[in-house]
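This report concerns only the one structure given below.
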Amino acid sequence: MARFRNNPEGKMTVSRAKSPKAIASTQSLSSFVKSICDVMRRSNCASALQYVPELTWILFLRILDAQEATAREEAEVLGAKFSPALHSPYRWQDWAAPYSDKPGHPKTREGKPFGWKRQELFAAGDGKLFEFINKELLPHLHSLDIDTRTGLPNPAASRKQRIMGRTMTAVEKVRVDSEANLRDILDKVHQINIDHVDDQHFFTLSQVYEDLLLKMGEKNSDGGQFFTPREVIRAMVHTVNPQLGHTVYDPCCGTGGFLAIAYEHIARQLGKSATSTDIDTLKHDTFFGREKENLVFPIALANLVLHGIDQPNLWHGNSLTRRATYAALFDQAPKTFDVILTNPPFGGKEGKDAQKNFAYETSATQVLFVQDILGELAPKGTCAIVLDEGLLFRTNESAFVETKRKLVDECDLWAIISLPGGVFSTAGAGVKTNLLFFTKGKKTEKTWYYDLSYVKVGKKTPLTLAHFGFDQNGEVLADAQLPAILTADWHADEANAGKLFPSYARMLQQCGKPGGDSRYSWTVDFAARRAKSRAEMQPLLNEAAQIKATVVDLKEQLKRLKKDKASDADLLALTNQILEKDKAARDLETQAADIDAAVFDLKAVNPTAVVDVDTRTPQQIIGNIEAQGRIVADALARLNMLLSTVS
């Protein structure tokens, strides 16, 4: 990376910094990160809940420094004005970068060697680095966004300074308890250089947070609500295929994984020929999100900045209550969005302050989020959402049924993927899930299903993009590149000899067409299902209406009897008759309502699934058990004989 400095004659010269250590593979990245976390664990950051946020802000300032340097160079080449977010001595290159007085060591714009402030603090004695960070650096970073005297947003702050302030908002002081260990951490983090790590292997905070918190950290952490496996996200993004000019939104963005991968997807489409206007639109006007958790919001900001979205439009607060903690970064957001990509929390419980904002009140978080999304999806906009199995099949609660009715009435629910049960096990959630895809503006006529539920996955064998049949760029994988566990049963069937495997990616091209059905995919005619239910309901409703009409006549008769002072026995008999008929009418209406609700059971049930059936008779099964018993008895007899011989 080029660095500009003034020579003794006052002229601008360019010096080349020594390239930091390259991180060229996922394995080396993982080992490198682990070495940093090892230092943190022995420095008062025992759990991932402690060391991941600490690593977040340190890494963020490191990469921000490199991005600022690159932006300055680009501005100078173009002759444009550049306003840095940080000045000396608060830049990484001043207080955190390793110091050296050797020739060739990079220098700041002011001509001082990188790490000059760090060296000055080291020379001043133990504790001075902590004192500088806690009493000068962090207060300064906080004041970029919030006026410390009034507690109100700083009107003079640039958007990047607001992002920095929000990213640092949860950092009150350094948690690492040893300056020697902190310097070791700073040295290691300094080696992470954005010019030497490609997008595939980049040290993204969502990946770090997921890997460390869920695999190395707290055993009983509730991490599933923040994280979606990256390969599942990629499959969803490839399916929806967002384009430049679309607004992309996640109402519960967690660490920003959906937005970051959507950014990668569109950036890959643009390629190297993208214009500066395209890049500006992509980075500043495309991605929007909301997040409630104080711990996660700064990580989402940092993650998106590190991906290249240098001005994330994120709103901090509760999406369902609309109660904002910080909304200044969301002021450019539209009211509706072209693409929504999201994974609402499973099994959450919301209070009345959230429920009152929606037509169909329920404490179920995911149901409220679906209603919220239907209101924020633009006409002709498309949503891809992860939903638990319970929401799909539950028809015994009005809010579930009416929310799904609203969905299929206002949107074309064009695809549902049934995922395996263990997809979210690494995130602390064993819930069976599905991916739903729908486009607003047209009532659902037919829904195409694809079944991946038969694939065995777990913590050590996660679902990958290849299981969906996609390569990293969203192209259809050849059969030879598909996982064996995906295709084994298919190839074992002689009837499939010479045929291409019907992977999701391959069959998606036939979605909504006659060729879209296979052993793993099928189409449900939703309009026909609704028509059938109406036909079954109508006789029941007609009979209920007739009974109600009879009840009206009986009630008039009861009034006359009371007026004529009929006997108590006659009044009681007629009253009981009215109650019985009322109940009969309600029962018929309940039957009709159950038939109607059953229409909205959206659970994926593969009609072509191959089921192994045991065709043995009871006598054959008993005979097999007896045979196995004899084998066990013979083995025990031989074992006893061996033990006797030894004795």
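The figures here come from the full heavy-atom set of this structure, side chains too, leaving out hydrogens, waters and symmetry mates. Keep in mind it's a predicted model, so treat the numbers as computed, not measured.
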### Message
Using side chain to side chain contact (heavy atoms under 4.5 Å, CB included), reason through Thr239 and Phe437 one step at a time and then give a plain yes or no.
### Response
CA-CA 9 Å; Thr239 299; Phe437 302 88; 3.6 Å; yes
### Task
Would you indicate whether the side-chain heavy atoms of Leu259 and Val248 approach each other to under 4.5 Å?
yes
### Query
Do Glu179 side-chain atoms and Gly127 backbone N/O form a donor-acceptor pair below 3.5 Å?
yes
### Query
Do the side chains of Thr286 and Tyr263 get nearer than 4.5 Å, heavy atoms only?
no
### Query
Within a reach of under 6.0 Å around CZ of Arg268, are more than 12 heavy atoms found that belong to other residues, nucleotides or ligands?
yes
### Message
Tell me whether Lys112 is salt-bridged to Glu120, with the criterion being a basic N under 4.0 Å from an acidic carboxylate O.
### Response
no
### Task
Give a yes-or-no answer on whether the side chains of His140 and Glu136 include a donor-acceptor pair shorter than 3.5 Å.
no
### Summary
For Ala96 and Leu186, the nearest pair of non-hydrogen atoms, with its separation, is O-CB, 3.7 Å
### Query
So how far is it from Leu377 CG to Ile340 CD1, rounded to the nearest 0.5 Å?
4.5 Å
### Query
Is there a donor-acceptor contact under 3.5 Å linking the side chains of Gln243 and Asp338?
no
### Query
For the atom pair CG (Leu282) and OG1 (Thr277), what is the distance rounded to the nearest 0.5 Å?
12.5 Å
### Query
To the nearest 0.5 Å, what is the distance between CZ (Phe132) and CG (Asp94)?
7.5 Å
### Query
Under 6.0 Å from the NZ atom of Lys283, do we count more than 12 heavy atoms belonging to anything else shown?
yes
### Task
Return yes if a side-chain donor-acceptor contact under 3.5 Å exists between Thr464 and Glu231, otherwise no.
no
### Cys37 vs Leu55, side chain to side chain contact (heavy atoms under 4.5 Å, CB included): CA-CA, chis, key distance, verdict
CA-CA 8 Å; Cys37 295; Leu55 183 57; 4.3 Å; yes
### Message
Measuring from atom CG of Asn294 to atom NE2 of His316, what distance do you get when rounded to the nearest 0.5 angstrom?
### Response
4.0 Å
### Task
Test Phe82 against Arg72 for side chain to side chain contact (heavy atoms under 4.5 Å, CB included), laying out the working first.
CA-CA 6 Å; Phe82 176 75; Arg72 179 187 291 279; 3.8 Å; yes
### Query
Should Leu329 and Pro312 count as side-chain neighbours, where that means a heavy-atom distance under 4.5 Å?
no
#### Entry: Spatial distance of atom OH (Tyr90) from atom CG (Leu144) [nearest 0.5 Å]
10.0 Å
### Task
May I ask you to test the Pro462-Val457 pair for a side-chain heavy-atom distance under 4.5 Å?
no
### Task
Report yes or no: is the cationic atom of Arg183 (NZ for Lys, CZ for Arg) closer than 6.0 Å to the six-membered ring centre of Phe122, at no more than 45° off its axis?
no
### Query
Is the side chain of Arg175 donor-acceptor paired with the backbone N or O of Asn44 at a distance under 3.5 Å, no angle test?
yes
#### Entry: Approximate separation, where rounding is to 0.5 Å, of Thr108 OG1 and Asp65 CG
10.5 Å
### Query
Is it true that a side-chain atom of Asn313 and a backbone atom of Phe287 form a donor plus acceptor pair closer than 3.5 Å?
yes
### Query
Any idea which heavy atoms bring Cys252 and Pro344 closest together, and the distance?
SG-CA, 3.6 Å
### Message
Check the orientation of Phe114 and His105. Use parallel for under 30°, tilted for 30 to 60°, and perpendicular for over 60°.
### Response
perpendicular
### Query
Just by modelled atom types, is the Asp285 backbone N or O under 3.5 Å from a matching donor or acceptor in the Gln332 side chain?
no
### Query
Is there a side-chain contact between Leu341 and Ile261, using heavy atoms and a 4.5 Å cut-off?
no
### Message
Looking at every heavy atom in both Leu301 and Arg166, which two are closest together, and how far apart are they?
### Response
CD1-CB, 3.4 Å
### Message
If you compare all heavy atoms of Pro334 against all heavy atoms of Phe337, which two are closest, and at what distance to 0.1 Å?
### Response
O-CZ, 3.5 Å
### Result of checking Met168, Glu172, Met164 against His142 for side chain to side chain contact (heavy atoms under 4.5 Å, CB included)
Met168
### Task
Check the angle between the aromatic planes of His238 and His265 and answer parallel, tilted or perpendicular using the 30° and 60° thresholds.
tilted
### Query
Which atoms form the tightest heavy-atom contact between Ile233 and Gly257, and what is the distance?
CD1-C, 3.9 Å
### Query
Does Asp471 use its side chain to pair, donor to acceptor, with the backbone of Asn473 at less than 3.5 Å?
yes
### Task
Show your reasoning for whether side chain to side chain contact (heavy atoms under 4.5 Å, CB included) applies to Gln119 and Asp101.
CA-CA 10 Å; Gln119 180 64 17; Asp101 57 4; over 6 Å; no
### Query
What pairs with Lys160 under salt bridge (charged side-chain N to carboxylate O under 4.0 Å, His left out), at least two apart in sequence or on another chain?
Glu68
### Query
Taking the side chain as C-beta and beyond, is there a heavy-atom pair between Glu376 and Arg290 under 4.5 Å?
yes
## Note on the structure
Residues Leu314 and Cys253: closest non-hydrogen pair is CD2-SG, 4.3 Å
### Message
Determine whether Asp38 and Lys34 satisfy the following criterion, salt bridge (Lys or Arg N to Asp or Glu O under 4.0 Å), listing intermediate values before the conclusion.
### Response
CA-CA 6 Å; Asp38 285 342; Lys34 186 177 183 301; 3.5 Å; yes
### Side chains of Tyr326 and Thr169 in contact at under 4.5 Å (non-hydrogen atoms)
no
### Arg109/Glu76 ion pair, N-O < 4.0 Å
yes
#### Entry: Heavy-atom side-chain contact between Val305 and Gln67 under 4.5 Å
yes
### Query
Would a distance-only check, ignoring hydrogens and angles, find a side-chain to backbone donor-acceptor pair under 3.5 Å from Asp145 to Ala157?
no
